[in-house]
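Here the structure comes first, spelled out in structure tokens, and everything after it is commentary.
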Amino acid sequence: MRRVVLKLSGEALASSSSVETIDATTVDYLATEIAASCELGGLELAVVVGGGNIWRGATGAMAGMNRANSDLMGMLGTVINALALQDAIESHGRPTRVMSAIDMNQVAEPYIRRRAVRHLEKGRVVIFAAGMGNPYFTTDTPAAQRAAEIEAEIVLKGTHGGVDGVYSADPKLFPDATKFDVLSFDEVLAKDLRVMDLTAITFCKDNSLPLRVFDLMAPGNLRRALAGEAVGTLVK
Ligand code: UDP
């Protein structure tokens, strides 16, 4: 069994062709790929979903809000996304459990590591909501931290901006930029490559947790990444 954590940003649930915060067609696409990948067997999948399509703590803080309060709003946004994803994945026949880092018993199970692992062993997709429950983080760090906690072998970070991995510079601004197939954490840190939040990168490095960055929306890519294929860039 391969146990993996998939990090989906909240914006991956939205679509430029729709005014909706959560675009049903996009969510259904992701759910189809996830359910089909689990159907093949050999995969235990936990998903950490962000909330940037709804709210980011930093946005409120910049406008003068209390940062911790603003971050709570962001964490609640991730719960909304988790429920949308749960609904979509279950409509494709794959059981899921949403586990929240903030207690809200009528909405989601509380996060308990042993229970999360049990769900995974039973073939359920576990969706981690509310990040780590602490302000001053984005969901990149809980993706890495939960992965270490449940002993996942890798963090898969799906991007949605049309960039299929890590490049030497932003390929949209610099067409000459080259793509890395494999990269070390030290190179990411030294070159200040914006792969994930620095806190998350440092955590992955300290805990020898590999990270694969890939384009979520390229047809077939999510399925390939979940199957363990070498799509995008591996950071290790
Ligand atoms: N957040 C937080 N603690 C966490 C995870 C998330 O405070 O452990 C808040 C933070 O304000 C963040 C927001 O939730 O901006 C939404 O998460 P994120 O920005 O990671 O969403 P994404 O960019 O992945 O859509």
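Ligands are counted one by one from 1 in listed order, and the atoms in each one are counted from 1 as well. Throughout, numbering of the chain's residues begins at 1 and tracks the sequence. Every value quoted in this text rests on a predicted model; they were computed, and no experiment measured them.
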Does R124 pair with E44 as a salt bridge, N-O distance under 4.0 Å? no
Backbone or side-chain N or O of G57 under 3.5 Å from ligand 1 N or O: yes
Near P142, which atoms of ligand 1 are under 4.0 Å from a heavy atom of that residue? 8 (O)
Do side-chain atoms of S100 reach the backbone of M104 as a donor and acceptor pair under 3.5 angstrom? no
I need the nearest protein heavy-atom contact for atom 13 (C) of ligand 1: residue, atom name and distance, please. G74 CA, 3.6 Å
Less than 4.0 Å is my threshold; does some heavy atom of M73 fall inside it relative to ligand 1? no
Less than 3.5 Å between some nitrogen or oxygen of A58 and one of ligand 1, yes or no? no
Salt bridge between D71 and R56, side-chain N to carboxylate O under 4.0 Å? no
Is the shortest N/O to N/O distance between T78 and ligand 1 below 3.5 Å? no
Does R97 qualify as a cation-pi partner of F128, given the criterion of NZ or CZ under 6.0 Å from the six-membered ring centre and within 45 degrees of its axis? no
Of the protein's non-hydrogen atoms, which lies at the shortest distance from atom 8 (O) of ligand 1, and what is that distance? M132 N, 2.8 Å
Would you check whether G51 has a nitrogen or oxygen atom less than 3.5 angstrom from a nitrogen or oxygen atom of ligand 1? yes
At less than 4.0 angstrom from any non-hydrogen atom of G50, what atoms of ligand 1 do you find? 21 (O), 22 (P), 24 (O), 25 (O)
Looking only at the side chains, is there a donor atom on one of T139 and K7 sitting less than 3.5 Å from an acceptor on the other? yes
List ligand 1 atoms under 4.0 Å from N134, heavy atoms only on the residue side. 2 (C), 3 (N), 4 (C), 7 (O), 8 (O)
Just jot down the ligand 1 atoms closer than 4.0 angstrom to any heavy atom of G10, in number order. 22 (P), 24 (O), 25 (O)
Could you check whether any heavy atom of G77 sits closer than 4.0 Å to an atom of ligand 1, since that is the contact criterion I want to use? no
Using distance alone, determine whether L72 and ligand 1 share an N or O pair under 3.5 Å. no
For G52, the ligand 1 atoms whose distance to one of its heavy atoms is below 4.0 Å: 21 (O), 22 (P), 25 (O)
For K179, does the NZ atom have more than 12 heavy-atom neighbours from other residues, nucleotides or ligands under 6.0 Å away? yes
How does T141 reach ligand 1, by side chain, by backbone, by both or by neither, if only non-hydrogen atoms under 4.0 Å count? neither
Test of understanding: given a 4.0 Å heavy-atom threshold, classify the contact between S9 and ligand 1 as side chain, backbone, both, or neither. both
Taking N or O atoms only and a 3.5 Å limit, does S70 qualify as a polar contact for ligand 1? no
What I want to find out is whether R194 reaches D170 closely enough, with some N-O distance under 4.0 Å, to be called a salt bridge. no
Pairs of nitrogen or oxygen atoms closer than 3.5 Å, one from D71 and one from ligand 1: do any exist? yes
Among all protein non-hydrogen atoms, which one is nearest to atom 24 (O) of ligand 1, and what is the separation to 0.1 Å? K7 NZ, 2.9 Å
Please could you name the atoms of ligand 1 that G131 approaches to less than 4.0 Å, counting only its heavy atoms? 4 (C), 5 (C), 8 (O)
P135: numbered ligand 1 atoms lying under 4.0 Å from its heavy atoms: 7 (O)
Considering only non-hydrogen protein atoms, determine which one is nearest to atom 18 (P) of ligand 1 and report residue, atom name and distance to 0.1 Å. T139 OG1, 3.5 Å
Ignoring angles and geometry beyond distance, decide whether R56 reaches within less than 3.5 Å of ligand 1 through its nitrogen or oxygen atoms. yes
Under a 3.5 Å threshold, yes or no: a donor from one side chain and an acceptor from the other, between N53 and T21? no
Decide whether an N or O pair under 3.5 Å exists between L8 and ligand 1. no
Please report which non-hydrogen protein atom sits nearest to atom 6 (C) of ligand 1, along with the residue it belongs to and the distance in Å to one decimal place. F137 O, 3.6 Å
Quick one: do the H160 and D215 side chains pair a donor with an acceptor below 3.5 Å? no
Under 3.5 Å between some N or O of ligand 1 and some N or O of D140? no
Exercise: do H92 and E39 side chains pair donor with acceptor under 3.5 Å: no
